[in-house]
Q: 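Let me begin by handing over the structure; questions about it come next.
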Amino acid sequence: MALAALVPGALLGWVVYEAVGAGAGSGGADRTAAPASASGTSAVPSPSADSASPSAPDDGKRPSGGSASGPLRGKVVVIDPGHNPGNFQHTAEIDRKVDIGTNWKECDTTGTSTNDGYTEARFTLDVAHRLRTLLEKQGATVKLTHDGDSPAWGPCVDERARIGNAAHADAAISIHADGSAQGNRGFHVILPGSVHSGAADTRRIVGPSRDLGTRIAGNFLRDTDEPPSNYLGDGTGLVTRTDLGGLNLSTVPKVFIECGNMRDSKDAALLTSGAWRQKAAQGISEGIVSFLHGS
Ligand SMILES: [Zn+2]
């Protein structure tokens with residue numbers, strides 16, 4: 001992705017479209033996404049200059065508190081680590097259906113893993129910890145929807161959305177990695193589509209969530225060198241979905257990011273690298289900071 005790497009700050013949609021071309025196959029295993037427009041018009045802004053060192057260690061422990069100052073002082077960010085390492089031991093609980101407004105869906109799933117057994121749940125928790133550290137350094141108040149063994153499984157997808165709503169989050173991000181076929185690689189950011197059914201009403205968050213997601217995608221692309229998905233989103237790195245409870249039930253700006261495909265060997269080599277996960281957290285953080293700055 002040398003071309004994309006040369007043009008940070010350009011129009012993400014255009015850059016990615018030009019770099020990848022429209023010929024990418026669509027082999028998404030279990031995805032029913034409507035492709036996002038390749039002619040995105042949102043500029044990807046420059047990241048803040050005072051971001052934390054990419055070598056910042058992550059020991060998984062929560063700092064003693066967010067800094068009292070910093071550009072994100074007063075801002076609330078909810079980080080939702082996809083799945084839960086404990087879900088594997090609680091399949092009956094996570095299989096029960098919950099109301100996501102448009103329909104009923106499983107409370108949660110176990111998530112995927114690399115062929116060598118590194119689980120998506122471990123990956124998402126690690127990136128979430130790194131992201132929390134970066135955002136707290138900027139002064140943000142950060143809340144996780146779960147933290148490994150607390151609770152022991154889940155929470156359910158409806159509850160994951162409600163945690164962001166109850167926190168009055170200024171931005172919410174759900175972190176995932178995909179489980180598609182070998183050869184399918186790259187990241188994509190999932191934006192909420194417009195739904196208005198039952199408890200689901202995304203009409204007021206579709207616009208700001210697209211802004212948030214576009215900024216995250218642009219910064220993630222630049223910081224990680226991970227290409228946009230070659231199997232979803234027509235090369236834009238953006239996909240819109242209306243079947244995810246975590247988005248349908250959100251009343252605050254929220255997106256998902258699928259950081260890569262755990263079942264692809266090239267992507268797996270990145271996803272299992274702590275240094276790369278730090279870059280991933282950095283890209284997501286810069287996207288969120290940019291969105292909250294509104295610049
Ligand atoms: Zn997932």
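The first residue of the sequence shown is numbered 1, and numbering continues consecutively from there. Whatever order the structure lists ligands and atoms in, that order sets their numbers, starting from 1. The shown structure was predicted, so the numbers you read here are calculated from the model rather than taken from an experiment.
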Q: Look at the side chain of Asp201 and the backbone N and O of His196, then say whether any donor-acceptor pair between them is shorter than 3.5 Å.
A: no
Q: Which atom name would you report as the N, O or S atom of His176 nearest the Zn ion (ligand 1)?
A: ND1
Q: Verify, without hydrogens or angle tests, whether Thr202 (side chain) and Asn248 (backbone) share a donor-acceptor contact under 3.5 angstrom.
A: no
Q: For Pro81, is there any backbone N or O sitting under 3.5 Å from a side-chain donor or acceptor partner on His146?
A: yes
Q: Ignoring hydrogens and angles, tell me if any N or O in the side chain of Asn84 forms a donor-acceptor pair with the backbone of Asp149 under 3.5 Å.
A: no
Q: Glu120: which N/O/S atom is nearest the Zn ion (ligand 1)?
A: OE2
Q: Of all N, O or S atoms in His83, identify the one at the shortest distance from the Zn ion (ligand 1).
A: NE2
